[in-house]
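Letters A, B, ... are given to chains in the order of the sequence lines, protein chains preceding strands, and every chain is numbered from 1.
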Amino acid sequence: MKTVLIRDIGQYNGKQVTLKGWLYNRRSSGKIQFLIIRDGTGFIQGVLVQSDVSSEDWELAAGITQESSVQVTGTVKEDSRSPLGFELQVEKIEVITSAQDYPISLKEHGVDFLLDHRHLWLRTPRQAAIMHIRNTVVKAMRDWLDAQGFTLVDAPILTPAACEGTTTLFETEYFGDKAYLSQSGQLYMEAAALALGRVYCFGPTFRAEKSKTRRHLIEFWMMEPEMAFVDHNGNMALQEEMVKFVVRTVLDKHRNDLALLERDTAKLENVINKPFAKMTYDEAIDYLQKQGHEIQWGDDFGAPDETVLANLHDGPVFVEHFPTAIKAFYMKPVPGRPEVVLAADLLAPEGYGEIIGGSQRIDDLDLLLQRIQEHKLPEEAFKWYLDLRRYGSVPHSGFGIGLERFVSWICGLSHLREAIPFPRLINRLYP
RNA sequence: UCCUCAGUAGCUCAAGGGUAGAGCAACCGGCUGUUAACCGGUAGGUUGCAGGUUCAAAUCCUGCCUGGGGAGCCA
């Protein structure tokens, strides 16, 4: 007997198949039982009619507990009452392992309880939909980069010092020395871009900030492309194309998952059908001040400021040319305006905040050296980085895109913690 | 670190000075088309911890602990 996946069940209409999975829920109505089986690729309703199965199978099915692992054999039947379009007329059922007192019920639960049971919470349809979309987002980003001639270059996670020197790092011991968990692979990507042209890294990123909001994780995944011979405008063009490609791919492949998440897909359609809006930092400050925000030129945006700017548009918006003083040391000044840099943040619509931060990098050795001194960074630690400007320096740009923020926005989640399988949050390192 | 809200049955929540309750889950029974099924029954409690006020505290007061939401920081 062939074991098939629920995802492929439509190919077996009228045929007898075997499914291996878990019992998600059971309903009964006297002489008929409905078993909801999940196998990781989908959910299907199995129907048992008492008169059609042996009394042993009938009794066995009646006693199966929630989340017991099962093997079910039956005939696939098209049925308009099924959300999937198909049901399984069950003929034989076996329990692989019986589950006892499964903690997560089908009713609502609180966040604390669910996070404590994240290892089981992942079994629910909603979480499965998010994980499938997350998978597609990663694959689409990588497919797109591959097609554009990018090479994946893995950056180290254990690093000798801060890449940007500002945010708090997780410190660990490295054979008697101190080492830090990476907060960005960017500097390494610059080296790789000058070796391989177009590169990107994708891996976990660690920020020891005591952030406690729906937009922050202690450990999150970031993809960081870096391109030689690409300037600030080329950088933004690449970002826009990639974001549109990913959104389009998810819309193509995950209509059902997005519907299950109750995502308004019209808002995503908007994104792929027109150019992203652009505004400068100067224009943004002007606007915010006219709206009555207490913000001065030179200040960084707060979360409420970002939301107001993002709400000006029904798609993502680039904000560019930030003050040099509030941005990283390696960003290239705007020609003729040294007080601002060739950097842009991409703000997602609907209050999801900054999903991309990117910039053109300084390619001049003397200026970079000056910036390292201004930021009081240890010159010795950046010796290799300075070498990149010493040996065949070229204009180059790159950006970092936060996977969980991207996934949250696409899925319409209210909190980043649902966008990653096992979220690391302040006060939460379990499970 | 700061602001704010909340901790009562396995879960989600009532009871706001006077015997601690419901729905779901569990268990028993009923029902041939259920979609978080439904109906009847059984069992389930040191009301986060410590102290205080009171004849009497889940309820009022103080402190602590834990968690949620937000600020700052940023992807």
Side-chain angles (χ1 to χ4, degrees), chain A residues 24-36 43-52 58 62-63 65-67 77 79-84 87 89 99-117 120-121 124-126 164 166-169 182-186 202-224 239 299-307 326-328 345-348 352-358 399-409 414-417 419-420 425-428:
Chain A
Y24 175 68
N25 190 20
R26 194 181 70 84
R27 292 181 282 268
S28 86
S29 182
K31 297 188 174 58
I32 185 166
Q33 295 186 54
F34 302 98
L35 309 177
I36 312 297
F43 293 73
I44 191 169
Q45 175 160 275
V47 183
L48 262 88
V49 177
Q50 190 170 21
S51 54
D52 294 349
W58 179 258
T65 51
Q66 189 188 3
E67 287 301 325
K77 287 180 71 174
D79 194 304
S80 59
R81 289 168 292 193
S82 159
L84 183 71
E87 290 186 334
Q89 203 71 36
Q100 298 302 316
D101 299 324
Y102 187 70
I104 299 185
S105 74
L106 272 49
K107 296 277 180 171
E108 59 191 297
H109 294 285
V111 171
D112 190 34
F113 177 81
L114 288 171
L115 284 173
D116 278 342
H117 295 85
L120 303 176
W121 187 19
T124 61
R126 177 182 166 85
E164 306 182 18
T166 52
T167 29
T168 318
L169 296 169
S182 171
Q183 61 171 7
S184 167
Q186 184 208 307
F202 179 52
T205 300
F206 307 89
R207 304 271 165 96
E209 286 289 338
K210 295 194 173 176
S211 299
K212 234 187 117 180
T213 81
R214 69 183 71 186
R215 291 189 311 279
H216 292 87
L217 294 168
I218 301 302
E219 178 183 315
F220 65 95
W221 286 66
M222 183 158 67
M223 193 170 276
E224 295 175 278
Q239 294 167 35
D299 292 344
D300 212 344
F301 300 132
D305 303 319
E306 275 190 1
T307 302
I326 59 168
K327 285 292 181 182
D345 286 352
L346 183 67
L347 306 181
Y352 283 92
E354 183 185 344
I355 59 169
I356 292 180
F399 63 96
I401 179 162
L403 176 63
E404 287 78 16
R405 285 194 183 170
F406 197 12
V407 170
S408 286
W409 164 47
S414 59
H415 200 301
L416 244 54
R417 65 190 161 216
I420 187 167
L425 302 161
I426 186 170
N427 300 335
R428 194 175 288 279

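For Glu354(A), the salt bridge (charged side-chain N to carboxylate O under 4.0 Å, His left out) test picks out no residue, with sequence neighbours left out. For Asp116(A), the salt bridge (charged side-chain N to carboxylate O under 4.0 Å, His left out) partners at least two apart in sequence or on another chain are Arg428(A). By the ring pair (Phe, Tyr, Trp, His ring centres under 6.0 Å) test, Phe206(A) pairs with no residue at all, sequence neighbours left out. Every salt bridge (charged side-chain N to carboxylate O under 4.0 Å, His left out) that Glu404(A) has, sequence neighbours left out, goes to Arg134(A). Every residue two or more places apart in sequence or in another chain that forms a ring pair (Phe, Tyr, Trp, His ring centres under 6.0 Å) with Tyr24(A) is listed here: Phe43(A).
The side-chain heavy atoms of His109(A) and Ile104(A), taken from C-beta on, include a pair separated by under 4.5 Å.
With hydrogens and angles left out, the side chain of Gln45(A) and the base of U34(B) share a donor-acceptor pair within 3.5 Å. A donor and an acceptor atom never sit less than 3.5 Å apart when one is taken from the side chain of Arg27(A) and the other from the base of C31(B). Scanning atom types as modelled, one donor and one acceptor separated by under 3.5 angstrom connect the side chain of Ser211(A) and the base of C73(B). You won't find any donor-acceptor pair under 3.5 Å spanning the side chain of Gln33(A) and the base of G33(B), going by distance alone. You won't find any donor-acceptor pair under 3.5 Å spanning the side chain of His109(A) and the base of C11(B), going by distance alone. With hydrogens and angles ignored, no donor-acceptor pair closer than 3.5 Å exists between the side chain of Ser29(A) and the base of C38(B).
Rounded to the nearest Å, the gap between the P atom of G40(B) and that of G23(B) is 9 Å. For the C1' atoms, the distance from G72(B) to C2(B) is 9 Å, rounded to whole Å. Comparing U47(B) with U59(B), their P atoms sit 10 Å apart, to the nearest whole Å. Rounded to whole Å, the C1' atom of G51(B) lies 31 Å from the corresponding atom of C11(B). Nucleotides G41(B) and C5(B), compared at atom P, are 41 Å apart to the nearest Å. To the nearest whole angstrom, the two P atoms, one in G68(B) and one in C27(B), are 32 Å apart.
Counting to the nearest Å, the C1' atom of A25(B) and the CG atom of Leu106(A) are 10 Å from each other. Atom CG of Asn427(A) is separated from atom P of G67(B) by 4 Å (rounded to the nearest Å). Here G33(B) presents its P atom at 20 Å from CD1 of Ile44(A), a figure rounded to the nearest Å. Protein atom CG of Leu169(A) is 17 Å distant from nucleotide atom P of C73(B), rounded to whole Å. Following rounding to the nearest Å, Gln66(A) (CD) and A26(B) (P) show an atom-to-atom distance of 7 Å. Here U12(B) presents its C1' atom at 14 Å from CG of Asp112(A), a figure rounded to the nearest Å. Rounded to whole Å, the distance from CD on Glu224(A) to P on C74(B) is 15 Å. The distance between atom CG of Leu115(A) and atom C1' of G69(B), rounded to the nearest whole Å, is 14 Å.
Distances shown here put every side-chain N or O of Lys212(A) at or beyond 4.0 Å from the OP1 or OP2 atom of G70(B). Regarding contacts with the backbone of G69(B), a side-chain N or O of His415(A) is found under 4.0 angstrom from either OP1 or OP2. An OP1 or OP2 oxygen of G69(B) is reached within less than 4.0 angstrom by a side-chain nitrogen or oxygen of Arg417(A).
Ranking A36(B), G70(B), G33(B) by closeness to the Asp79(A) side chain, first place goes to G33(B).
With centres under 5.5 Å and a plane angle under 30° as the test, the ring of Phe34(A) is not stacked against the base of G33(B).
Where pairing requires Watson-Crick or G-U contacts shorter than 3.5 Å, the helical stems of RNA chain B with at least three consecutive pairs are B:1-7 with B:65-71, B:10-13 with B:21-24, B:26-30 with B:38-42, B:48-52 with B:60-64.
Ser408(A) and Tyr352(A) make their closest contact through O-CE2, 3.6 Å (heavy atoms, listed as atom of the first residue, atom of the second, distance).
Residue contacts for Glu219(A): at a heavy-atom cut-off of 4.0 Å it reaches no nucleic acid atom on any strand shown. Residue-level contact check: Thr205(A) touches neither bases nor backbone, having no heavy atom under 4.0 Å from any strand.
Of the two residues near RNA chain B, Ile36(A) and Asp305(A), the one whose nearest nucleotide lies more 5' is Ile36(A).
Counting only distance, with no hydrogens or angles, the side chain of Thr213(A) and the backbone of Arg215(A) share a donor-acceptor pair below 3.5 Å.
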